[in-house]
Amino acid sequence: MSKIGVFICHCGENISATVDVERVAREIGGMEGVAHAIDYKYMCSDPGQTFIKEAVKKYGLDGVVVGACSPRMHEPTFRRACAEAGLNPYLCEMANLREHCSWVHEKSEETTEKAIDLVKMLVEKVKKDKPLESIKVPVTKRALVIGGGIAGIQASLDIANTGHKVILIERDPSIGGHMSQLSETFPTLDCSQCILTPRMVEVAQHPNIKLYTYAELESLEGFIGNFKARIRLKAKSVNYSTCTGCGACIQKCPVKKIPSEFNAGLGTRTAIYVPFPQAVPNKPVIDRVNCNYYKRGACKICEKTCQVGSIEWDKEDEIITEEVGAVVLATGFDVKGTDFFPEYGYGKYKDVLTGLQFERLASASGPTFGEIRRPSDGTIPKKIVFIACAGSRDPAKGIPYCSKICCMYTAKHAMLYQHKVHGGESTVFYMDIRAGGKNYEEFVRRAIEEDTVNYVRGRVARVYEKDGKLIVKGVDTLLGGQQVEIEADMVVLATAGVANCGSEQLAQKLHVSYDPYHFFAEAHPKLKPVETNTAGIFLAGACQAPKDIPETVGMASGAAVKVAALFSNDELVREPIVAVVNRLAPPLYSTCVGCFMCETACPYNAIEHEEIKGRDGSLIRTIARVNEGLCQGCGTCVAFCRSKSIDIQGYTNEQVYAEVMSLLND
Amino acid sequence: MKIGYYPGCSLTGSSREYNESVVALAKALEIELVEIKDWNCCGATAAHVMNEELSLSLPARIMAIAEEQGLTEVVVPCAACYNRLKMTQHELEDDGKRGRVAEILKMPYHGSLKIINVLQMLETYGAENIKARVISPFAHKVACYYGCLLVRPHSILQFDRVEDPQSMDSLIRVIGGNSMDWAFKTECCGAGFSVSRTDLVAKLSGNILKDASDRGAEALIVACPMCQSNLDMRRGAINKTLAQPIDIPVIYITQAIGLALGIGANELGLKRHFVNVEL
Amino acid sequence: MKKLRDRVAALLDEGAVSLVIGYEEGTKRPRPLFCRNSESSGKLIFDSRCFHNLAVYVTKKELVGKERFAVTAPISTLRSILQLYVENQLSEEKLLVLTVDLNGELREFVTFEEISAYVAQFEMKRGEREQEILSKIEGMTREERWKFWMGEMSHCFKCYACRSACPLCYCTKCVVEVNRPQWINPWPSPISNMEWHVNRAMHMVGRCTACGACGDACPVGIPIDLITRKMMEDLAPEFGYIPGQPAKQGNALSSWKLDDREQFIR
Amino acid sequence: METKYISQGGMAQWFESIIASGKRVYAPVNSRGQVDFKLVKNLSEVADDYIQTTQSIKASVYPKAEVLFTYEKDHGKVNLSDFDPETIPETVLWKVHPCDAAGFKPLSAIFNWDSADKLHNAHLVKTSVISFSCAKADQSCFCTSVNGSPGNTAGSDIQLTVLPDGGAIAEILTPKGEALVALLPPVFEAERGDKKEQYLVDLPARFSLEEVNAKLNKAFNSTVWKEQSERCIGCGACAFVCPTCACFDIQEDVHGSKGRRIRCWDACGFALFTLHTSGHNPREHQSQRWRQRILHKFSYMPDRLSVVGCTGCGRCSRACPVDMNILEHITSIAKQ
Amino acid sequence: MSSSTEFEPKIIAFVCNWCTYAGADLTGTSRLKYATNVKIVRFPCTGRIDFLLLLKSFAQGADGVIVSGCHPNDCHYTSGNFHARRRWIAFRTVLDLMGVDIRRIQYSWVSAAEGSKWADLVNNTVADIRALGPYAEYQKVAEYLEKEGFDEEA
């Protein structure tokens, strides 16, 4: 007869507000097999957990059910408490009385009865629980960081500095990401290149970091501690071992009119190019789409000019395989283009720019070498208008969230403009100024007070071009909603920060869930911001949500320490929720008849063939066997097995059957 | 080619020329317009401000009798009527309202009718044979003015682009005209304030006309009787507010195409404009 | 027939095979025969009346023993043998398949591919018994179908002849004999009978070749072969497989397509 | 035991009176292309031109699934409600063949072997059998070889032998029979001296029981079992249609804290019938199971209960999917 | 909820742990209300949900069943929901052939971010099943044993 302890939590009054917890404890106490049932205000608190431990020892419990919040939240907590009290942690189950009952129903008779049913269901399940030992799995102490922006760089350096090997892959020809495109950074206005390039060089020279640029993840198999990543090294058509980075080929390349991605389309670049002067690695790549040789088979000028002959015309994409134990996703974010806004001219006005394009104008390595000039006619704009919240906080455009960094970089842009264009007049149309970081508010105040930036609180209805001027029609809600019309020379839109293109496909390759806006979903918004639901895969930076550089770096270091923790011991302890094929005494040996339908169903091909031989070595039967290292415990094989020969620990057929029966009968 | 035709009050009243030009053009393009028998007023923008049931029942009755007369598709030249009919069709997808309106009408309403405006009709049925029939190309630099009701609310009307519509511009190009890029395509002309607050109409329409003439437009092309009357009939009040008067004419798209197809000015009703039309 | 007998006798005499499974004349109709020596091959017959699906014996280890054996197979047995190959129950070295084709020629097959090629010529059609009952069922409303099957199911007394007669039911311990938990109530009652036959149909998804053995074996004459046949006919186009001609790998139920039908999923 | 005559009209009226008396009447009915015993309300439903029903009438006294007792657990206490014999209604089995009627004896022999089975006996007490002698038979019938005959009255309360004029010779054999006659005594006229044997089918004996019994005592390890049972696919059809097979399985029908203990038919032909929890199976091969079926009926029961476990009805041969003809097998053993 | 004599359907929800269970948690955290008739059973994946469980639920008195998991391509185990979807197609075909009322099984995809979709799913399903009424047709048959001469009433 099982002796089960049941502990009903009030959760402050989150549960007790609508569920009569005393009655639940009382009725469950009377159930068959329940030796001890109490209710307490905070089960997850220390006193709460000590109740459990004492009860386990005092009553010699062989099963514990905690009726409280979602098991996704505190199952580990209570299982650890049981383990400390000497009870096998897998004999402890949680009934979700908060999210699935008290919070979603009114206070009524039915709500309490439902709570009782839910607890009763788990009591029946615990009766069928078996003690399980966690699985030890070897850990490959090498990390894969995807994305070479500041997030990827910081994470790689931190992991490498703990002495573990890191593989950093970056899709573009050089690492640096969006930060390398910035001129200065708020709130200190220190030059972005100056604080970033040393880190980039450190990455390139760090003994523990293997850097693959112009490379993308092809596929990822395996599981935490034992991932196998296949990486596609896109053909660079330049042999990096012989190339000295002298740049002669870049000068000579005849194709000069390709819009430069690095300059956000303002400047141009050649077919064989290095994205920006401080690029790491500082060696060129041939853009096969626009290169004359690849288009029409002619030219080859760069080959002629190269003294060391490092042009490799027919180099193919190469796929390499790396064994890694953890993955850090640092693929960053993107900004919406001006063509996304009908009211600002569908992107057809040259002098309506995005924040990133303004950064490039302001940057010394930009197309205008730091001077703010109009892309249309190259003149210096006397009047400039910045429009904050372009696309962000706009449900009609499908982007209801705030992109967090635009208020700050808009203030910075205005400040830079005032410093660079004396006598210039800048206006910022804003809804609210969000400057919550350290020294952020002071920075914005400085822009308003010292640099005389004219802040107008109101939205801009339309921008249209007339005689070379951009007519900005807005409203000033602080002056009684008076309509404002400015004839500006340049308009800068602080466009919304969105997920990087291709993030959805990458998430599906890694089985990481993502939110409706294709940002990667963290395991828990408050308590697990750097982890994902997929064990062993961590998040850093704006790929999780738009954020500024300080937060990104903090998060990257957070992800790095998670990886370091994973690598701190040689073996990884894994949940024993894996499938097992039943074994019986001879002559049957197992009810499995070797049809191996489970093998075709298993997404992790964790099912192997096991040959049963008699004493004389003759083959008796071939049955299925589960490789418990590979098995992730999805249970698809269990529901497929016709003879019910395979079962999954933690959700066995008996347990699940008992749960359903207890729900439907009283 | 047979299509249902709903002229609406303004086309039989203050904007008769729009009706004449539509009928003339349709005849020239061998499109047979079957006017809905015993049609009633669509309630225009006034109704839905005062009484929702009235504003839904009036257009619903039009569509119900059209369905009863076997029509599957109806062209509605007036932007306001087109807007009301489309909006009503959308509102009546909600069973509750549909039930209530069915009670009022005491006749079946299916909501399967296809409502199109004059631009859509010309695009789908006329595009090729307009091009083939152009006799004297409409070689003028014009500004196409869409007004507000023709393209909004976009989520329901699903017609052209909201901020920078192109359908009239492309038709003008088909008949050899040069439609220029300007900023007031969908700015408000003052609409219903024409009578109560003529000063507002003068200001708003004035801005529109000023921007068009500053950019050298020889005429304004419209597809809505309300806009036409504000920009044309109120020209006197408008010119009072402007530094120097503007005398560029305001004609309908159907009239412009009619001219290109060689249809006579009288037949197109070009003689009825306040600002006389010499094109 | 004579060519078949001589060939079998020769095979047995040379010791090429230790057993030949075929048909012999029975009380009312032909019945399975197990020739272990050339004398008994004289009783072999092979004509259109031979109905039993001999594939049900090829997976019985105690019967066929360890050495190579042969089976004379009409088209229904051939299809079942293909499916058994796909499910790793047979090995090509152990089984020799004999059949008499349409124009009376004796054919021998060893590999899966040979059998597949031969089977591909035969089209799978409903007999008029199946057509008559199935068209009646297809015309019924849901309530009528429920009443019809419940009426039929009340006669079933769980003798499991359908399971024993089916070549693809080769499990040593069937799900109905699993009692922790007792998924399907083993005692005869309309609901447990229905649960048993739904489960049987589900275990036949993508596998059943509509040979009719189950329907023929049912002592109380319930048309259970029509359940699996109708399921097969409905799901074959849906899952994109040709019944009776299985692909070498995988099974229709345990593979999937990106664009599987899902209008019923909210 | 007295012999009477009952006219065709008299038989119909008598049938009405039995129905009117509220007894449950089962009779062979031709439905779904098969003839089986079903609850009938009037004589017209009863089938006539058939040799044998598919299933025996065993189900009337040993249902294929019945509730032994129901229980309800209530916090440690269990209240149990036992099987109540009163719930079994009076039943009359109309137009049973002598081989079925004869089947009750071996069946009850098993159920009263060492402890009297309450349920079976309760059914038996409430059941009265009106058998019809056989005028036709087919090649599967062999009642004459197992101490039976087309006119055998063993197990019947009343046996009618239908005459060409539609009336019948009525042999009233037991007090239950008299009770049935008492429902409408006038229809039973005096005996007309017809010879019953004339109307019985002539069925020559195929083998002698003693000879078979003798051969079987020495045949335990013979190879005959393997040869005969090769085509047997191990289903339960023969056992379930057999009037004398009595093996059963105990099952549990649980609904939360309430439940019922159920007895249902089982068959020695099933592969796992004798599987031990240890995994060992004394009868692992089909040949052993077939041997058990034959020896139980033709050797063990005669030796221990001095009754042959087979009444020669031939149902198992007709129902067998692979034509395991018991008559053919027994005769081949007898001739060895 | 209404505790009047109105029929209160008994509904079981078989959900996958990674998406729908988390979605239901989100419904809780966002305090959206839904009917108490539905009780959730947690599975690691929709692939783990055995069709026999659905059959058993109806036999034991359930009036309706909800089966829900991750959207296609979102499955934590890559293909669990694809396998489940194919199994559901086969299962619905067989059940419909046998005359079981497949309207009582509601299939859906609910992701971890769709808390409101879960609440709507539950409320709509409860309303649909309440409209269909108790599944007496199935439960009445479930109690019968042959002894009571079931086939007479069939």
Side-chain angles (χ1 to χ4, degrees), chain C residues 134 137-138 140-157 175 181-185 187-195 197-202 204-206 226-228 230-235 238-239 252-262 264-266, chain E residues 47 50-56 58-59 66-69 71-73 79 81-103 105-110 117 120-121 124-125 137-154:
Chain C
L134 272 182
I137 294 176
E138 277 150 0
M140 292 180 182
T141 67
R142 183 195 70 76
E143 285 76 12
E144 283 160 355
R145 280 200 305 274
W146 171 256
K147 213 171 245 333
F148 169 78
W149 284 117
M150 274 304 109
E152 290 294 325
M153 287 302 150
S154 63
H155 296 93
C156 165
F157 49 44
V175 67
Q182 184 70 54
W183 289 102
I184 296 162
N185 300 342
W187 61 83
S189 83
I191 270 305
S192 3
N193 301 350
M194 206 275 291
E195 278 172 5
H197 283 287
V198 165
N199 174 75
R200 202 178 65 81
M202 279 302 286
M204 283 302 144
V205 174
L226 300 185
I227 302 176
T228 40
K230 177 87 174 86
M231 175 274 299
M232 174 196 76
E233 282 169 7
D234 289 353
L235 291 181
E238 184 95 43
F239 292 161
L253 197 58
S254 72
S255 49
W256 46 272
K257 293 198 301 236
L258 256 184
D259 50 10
D260 271 343
R261 172 169 62 88
E262 62 168 65
F264 61 96
I265 300 176
R266 254 196 206 150
Chain E
D50 195 328
F51 65 86
L52 280 172
L53 271 178
L54 274 69
L55 271 179
K56 262 309 171 202
F58 286 125
I66 296 177
V67 185
S68 173
H71 287 260
N73 282 326
S79 58
N81 48 6
F82 289 126
H83 286 296
R85 176 173 62 183
R86 175 148 284 197
R87 192 184 304 146
W88 296 340
I89 295 173
F91 189 47
R92 287 179 88 250
T93 312
V94 171
L95 281 192
D96 195 33
L97 168 64
M98 301 293 280
V100 176
D101 187 353
I102 49 178
R103 293 172 303 178
I105 305 176
Q106 182 57 63
Y107 300 94
S108 85
W109 310 124
V110 175
K117 179 174 181 185
D120 298 345
L121 172 71
N124 295 341
T125 310
E137 184 186 60
Y138 196 96
Q139 281 139 16
K140 172 168 75 69
V141 165
E143 284 98 32
Y144 265 108
L145 280 185
E146 193 277 332
K147 178 164 71 57
E148 277 95 5
F150 168 76
D151 44 19
E152 277 76 41
E153 279 95 9

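Heavy-atom basis, side chains included; hydrogens, waters and symmetry copies ignored.
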*Determine the option with the most heavy-atom pairs under 4.5 angstrom with chain E, choosing from Glu152(C), Lys230(C), His197(C).*
Lys230(C)
_Approximate separation, where rounding is to 0.5 Å, of Leu52(E) CG and Asn199(C) CG_ = 5.0 Å
_Treating Arg86(E) as the side-chain partner and Ala252(C) as the backbone partner, does any N or O pair qualify as donor plus acceptor under 3.5 Å?_
yes
*Which word best sums up how the rings of Tyr107(E) and Phe264(C) line up, parallel for under 30°, tilted for 30 to 60°, or perpendicular for over 60°?*
perpendicular
*Which bit of Ile105(E) comes within less than 4.5 Å of chain C, counting heavy atoms only: side chain, backbone, both or neither?*
neither
_Please classify the contact between Asp260(C) and chain E as side chain, backbone, both or neither, with a heavy-atom cut-off of under 4.5 Å._
both
*Atom CZ of Arg142(C) and atom CZ of Arg103(E): how far apart are they, to the nearest 0.5 Å?*
6.0 Å
*CE of Met194(C) to OH of Tyr138(E): how many Å apart, nearest 0.5 Å?*
3.5 Å
_Let me confirm one number: the OG1-CZ distance from Thr125(E) to Arg266(C), rounded to the nearest 0.5 Å._
5.0 Å
*Does any heavy atom of chain E fall under 4.5 Å from the side chain of Ile137(C), the backbone, both, or neither of them?*
side chain
*Say whether, by atom type as modelled, one donor and one acceptor occur between the side chain of Trp88(E) and the main chain of Glu262(C) under 3.5 angstrom.*
no
*Measuring from Glu195(C):CD to Met98(E):CE, what's the distance to the nearest 0.5 Å?*
11.0 Å
*Go through the atoms of Phe51(E) and report whether side chain, backbone, both or neither lie under 4.5 Å from a heavy atom of chain C.*
side chain
_For Gly99(E) against Trp146(C), the heavy-atom pair lying closest together_ = O-CB, 3.5 Å
*In terms of heavy-atom pairs under 4.5 Å with chain E, which of Thr228(C), Val205(C), Ile227(C) leads?*
Ile227(C)
_With a 4.5 angstrom heavy-atom cut-off, is it the side chain or the backbone of Trp149(C) that approaches chain E, or both, or neither?_
side chain
*Which region of Phe239(C), side chain (C-beta onward) or backbone (N, CA, C, O), has a non-hydrogen atom less than 4.5 Å from a non-hydrogen atom of chain E, or is it both or neither?*
both
*When only pairs under 4.5 Å are counted, which of Ile89(E), Val67(E), Leu55(E), Ile102(E) shares the most heavy-atom pairs with chain C?*
Ile89(E)
*Any donor-acceptor pair under 3.5 Å linking the side chain of Arg85(E) with the backbone of Lys257(C)?*
yes
*Residue part contacting chain E, namely of Ser255(C), when any heavy atom lies under 4.5 Å*: both
*Of all heavy-atom pairs between Val94(E) and Met231(C), which one has the smallest distance, and what is that distance?*
CG2-CG, 3.6 Å
*How many angstroms lie between atom CG of Leu97(E) and atom CG of Asp234(C), to the nearest 0.5 angstrom?*
7.5 Å
*Stepwise side chain to side chain contact (heavy atoms under 4.5 Å, CB included) test for Lys56(E) and Asn185(C)*: CA-CA 10 Å; Lys56(E) 262 309 171 202; Asn185(C) 300 342; 3.2 Å; yes
*Toward chain E, the part of Val198(C) with a non-hydrogen atom under 4.5 Å*: both
*Can you say whether Met153(C) sits under 4.5 Å from chain E via the side chain, the backbone, both, or neither, judging by heavy atoms?*
side chain
*Does the side chain of Trp109(E) reach to within under 4.5 Å of the side chain of Ile265(C), using non-hydrogen atoms?*
yes
*Below 4.5 Å, heavy atoms only, C-beta onward: do Glu238(C) and Thr93(E) meet side chain to side chain?*
no
*Checking Leu253(C) against chain E: side chain, backbone, both or neither under 4.5 Å from a heavy atom?*
both
*Best-contacting candidate, Arg145(C), Met140(C), Glu143(C), against chain E by heavy atom pairs under 4.5 angstrom*: Arg145(C)
*Relative to chain C, which segment of Val100(E) carries a heavy atom at a distance below 4.5 Å: side chain, backbone, both, or neither?*
both
